[in-house]
Amino acid sequence: MVASPSIHTCSVSSRTSQPEGSVDTGPITLAELHAKKLADIQGIGEKREADLRAVEVHNVLDLVMYYPRRWVDRTQECRVSDLVAGAMALVVVDVLSVDRRTTRNRRSMVTVRVGDGTGKFTLTFFNQPWRAKQLYAGLTISVWGKPDTYRGVLQMTNPVVDLIGDRTGRIVPIYPQSGDKGVKTWEMAKWVEIALKKCVKRGVSDPLPDELRRKYDLMSRFEAMRTIHLPASLGDVEVARRRLAFDELLRVQTYLVREKKRIEQSARGIEHSNRGVFVRQFVENLAFPLTNAQRRVIDEVTADMAGPVPMNRLLQGDVGSGKTVVAVATLLTAVEGGYQGVLMAPTEVLAEQHFAGVTRLLDGLVVKDPESLFGNRPIRVELLTNRVTGEQRRNVLAGLADGSVDIAIGTHALIQKGVEFASLGAVVVDEQHRFGVDQRAQLRELSDIRPDALVMTATPIPRTAALTLFGDLDVSVLDEMPPGRTPIVTHAVAGEPEVEAMWAAVRDAVGRGDQAYVVCPLIEESEKLEVASAEATFAELSGGALAGLRLGLLHGRMKSAEKDAVMESFRRGEIDALVATTVIEVGVDVPNATQMVILDADRFGIAQLHQLRGRVGRGKKASSCWLVTGLSDDELIAEMKPRIEALVATTDGFELAEVDLQLRGEGTIMDKRQSGGNDDLKLASLKRDRDLIEAAREVAIELVGNDTTLDKHPEIRDEVALFIESHGGEDYVVRN
Ligand code: ADP
Ligand code: MG
């Protein structure tokens with residue numbers, strides 16, 4: 001760690017056990033900074049306060065946590081006279097004049113004449129009309145780009161420009177700016193500096209015990225705060241960022257670990273401590289031995305269920321890893337003790353498929369029934385979706401209420417008002433990623449005693465991300481595929497000859513008695529357009545590439561009964577190729593289908609392509625997946641290529657999830673939680689900071705221990721309250 005001359009070390013070791021009343025003398029806590037008004041900072045008046053509010057800076061804490069977007073390293077700077085065409089360079093120059101016009105092909109063009117004492121040159125910006133407002137004569141800017149010569153004159157096209165004002169110093173922080181008005185980066189830098197100077201006397205407290213700081217090689221908090229804004233070198237920035245990112249992650253993990261402990265301590269669960277006879281019987285009846293992973297996860301689940309604490313478990317398992325067997329074992333563990341089990345799927349089709357499958361798997365199983373002649377009766381499994389109506393529905397509802405239905409399989413219809421259970425013991429939710437937050441909340445309220453909950457997802461999430469997103473759940477992973485599968489061969493297809501060869505291969509497969517899916521281009525803007533595109537694709541294929549084959553069409557706007565009819569004839573082999581939208585993404589199981597063609601594959605994300613591909617390769621026959629891309633745009637190709645290459649290279653969903661995370665960032669897995677503007681994680685990245693996430697988890701577990709009041713770590717408790725609870729920390733918690 002390098003300390004710049006302007007950074008004084010300060011004592012931060014004596015803050016934890018402060019006597020009351022001396023609050024103002026020890027190191028400053030984040031809570032104190034939070035309470036400090038911006039008006040205390042020299043230069044911030046009412047007008048500036050309003051501008052700062054616009055960028056969510058409301059107090060001094062927000063100010064010092066308003067981190068630079070980048071840093072300009074002025075030690076790397078050169079003079080205008082040193083610029084050489086073709087060599088990237090950083091120069092700091094004054095703006096001399098600005099000119100805006102429109103080119104012949106109606107592109108906007110802003111040219112800016114700039115210079116320093118040694119020479120002048122021109123910046124040219126295409127399609128950035130706002131530059132004409134941003135830049136004006138007299139302004140000092142740093143310019144990073146590659147000079148070239150145009151008609152004998154030195155210029156740079158679309159360089160990176162930062163307004164640095166008259167700031168000197170070796171490393172200049174550049175703060176995010178909001179459009180053309182509002183706060184300038186150098187003003188921000190000045191205020192942050194003033195705020196940090198005000199802290200020097202007392203120092204900023206560090207809630208992390210010294211020994212943990214050493215263990216994880218983390219800089220002190222105050223040093224990190226100063227370094228991130230005023231680094232002596234760019235290398236220092238990363239050291240500081242790590243420390244501050246760790247703090248963010250520690251707050252999240254402390255919150256999650258404590259929530260988990262709280263649930264465990266408070267909620268009343270059911271101790272399903274039976275002898276496991278049902279599960280054993282069920283497993284013995286299976287046509288195949290369990291995989292080791294299935295065995296392990298079933299043990300984890302039954303151990304959880306036997307305990308007094310309600311189970312809260314996430315089961316991750318790739319498509320085809322055999323989650324259904326685990327789900328059934330979970331339900332049976334409840335049923336053996338006289339409780340009911342529920343299996344919820346996100347769609348009616350999936351619920352029906354599960355119902356058919358589970359009924360088959362449980363054929364012949366009997367449960368105790370003192371009222372019957374032989375003291376037992378066959379296990380009763382019922383389906384409940386919105387398609388179950390009339391007499392049938394009344395029957396199922398009555399059976400759920402009186403306990404004669406042992407297992408109910410269905411959609412969210414199962415948790416609607418008016419559905420009562422005699423003794424709900426276990427809930428399994430399939431394909432968790434399709435379940436809304438409200439539905440999870442409803443689930444929680446199903447019963448006074450909390451049933452054990454298993455949430456299954458086929459979307460693998462890298463472990464560190466799971467720790468952050470589902471940190472209050474226990475996680476089981478089915479990381480082993482059942483044997484006897486022929487791996488799917490994936491091809492990237494681009495250009496007319498390759499497309500023709502693909503259709504030929506599909507026709508060959510159909511000739512051998514196989515079946516095919518053709519997934520139509522995804523049109524996110526509207527289902528209507530998507531249906532139109534599916535119909536067009538259907539027409540095109542039946543008159544062209546797949547003429548003569550028996551084609552079916554399936555899309556989201558068809559009536560349920562129509563969809564069923566199509567799926568059923570596909571399943572019976574009466575359709576050779578099913579042209580479909582992404583409605584087939586989840587759960588559809590037709591082992592004879594071996595060809596998956598995905599048109600405009602570039603419109604789909606890795607996870608979705610992986611799910612779609614999982615629809616083939618479900619039987620013994622060799623399967624192919626064809627990813628068709630019609631890219632002409634270089635940028636798109638550059639963006640898509642690694643995705644397609646990853647899919648061609650592996651069928652391992654966890655590996656793909658990692659690739660996805662690396663390529664696209666957290667947005668892929670954090671979806672709403674993140675896009676909801678949650679900036680509890682400003683510096684930490686699920687992508688880069690895996691080690692920090694693991695470390696934060698360990699530390700949180702150690703700090704919380706069995707003490708959910710966090711009495712021994714009041715400052716961390718206060719920070720969790722300040723940063724997470726005040727933002728409605730529910731964002732981090734998935735409870736079922
Ligand atoms: P998932 O829901 O995880 O995608 P399923 O539970 O639908 O997977 O299982 C996929 C297929 O694999 C089913 O046909 C199932 O019968 C079969 N299967 C499950 N476990 C095993 C196993 N241990 N050995 C062989 N086949 C299995
Ligand atoms: Mg499944």
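When a ligand or atom number is given, it counts from 1 through the structure's own listing order. Excluded from the calculations below are hydrogen atoms, water molecules and symmetry mates; all remaining heavy atoms, backbone and side chain alike, are included.
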Under-4.0 Å heavy-atom contact with ligand 1, by part of Leu478 that carries it: neither

Under 4.0 Å to a heavy atom of Leu290 - the qualifying atoms of ligand 1, by number: 23 (N)

Pro482 neighbourhood, listing ligand 1 atoms whose heavy-atom distance to it stays under 4.0 Å: 20 (N), 21 (C), 22 (C), 24 (N), 25 (C), 26 (N), 27 (C)

Exercise: do Asn592 and Gln515 side chains pair donor with acceptor under 3.5 Å: yes

Ligand 1 versus Thr291: contacting region, heavy-atom distance under 4.0 Å: both

Proximal ligand 1 atoms for Ser321, defined as those under 4.0 Å from one of its heavy atoms: 3 (O), 8 (O)

Salt bridge (Lys or Arg N to Asp or Glu O under 4.0 Å) partners of Glu352, counting only residues at least two apart: Arg387

CG-CZ distance between Leu656 and Arg613, expressed to the nearest 0.5 angstrom: 6.0 Å

Nearest-0.5 Å distance, CG of residue Asp474 to CD of residue Glu300: 9.0 Å

Minimum side-chain heavy-atom gap Leu290-Val325 below 4.5 Å: yes

Results of side-chain hydrogen bond (donor to acceptor under 3.5 Å, both in side chains) for Glu382 - residues two or more places apart only: Arg380

Option set Gln294, Lys323, Glu480, criterion heavy-atom distance to atom 3 (O) of ligand 1, minimum: Lys323

Criterion salt bridge (Lys or Arg N to Asp or Glu O under 4.0 Å) on Asp514 and Lys621, from CA distance to verdict: CA-CA 9 Å; Asp514 294 5; Lys621 297 183 183 177; 2.6 Å; yes

Heteroatom proximity flag, Val325 to ligand 1, N/O under 3.5 Å: no

Test of proximity, Gly322 against ligand 1: N or O pairs below 3.5 Å: yes

Where ligand 1 meets Thr324 - atom numbers and elements under 4.0 angstrom, heavy-atom basis: 2 (O), 5 (P), 6 (O), 7 (O)

Residues Asp363, Asn285; criterion side-chain contact (heavy atoms from CB on, under 4.5 Å); working and verdict: CA-CA 9 Å; Asp363 189 32; Asn285 278 345; over 6 Å; no

Pairwise side-chain contact, Thr457 with Leu314, heavy-atom cut-off 4.5 Å (strictly under): yes

Asp318: numbered ligand 1 atoms lying under 4.0 Å from its heavy atoms: 3 (O)

Whether Gly317 lies under 4.0 Å from ligand 1, heavy atom: no

Per-residue contact class, Pro591 against ligand 1 - non-hydrogen pairs under 4.0 Å: neither

Ligand 1 contacted by Pro289 (non-hydrogen, < 4.0 Å): yes

Ligand 1 to Pro483 polar contact by distance, N or O atoms, under 3.5 Å: no

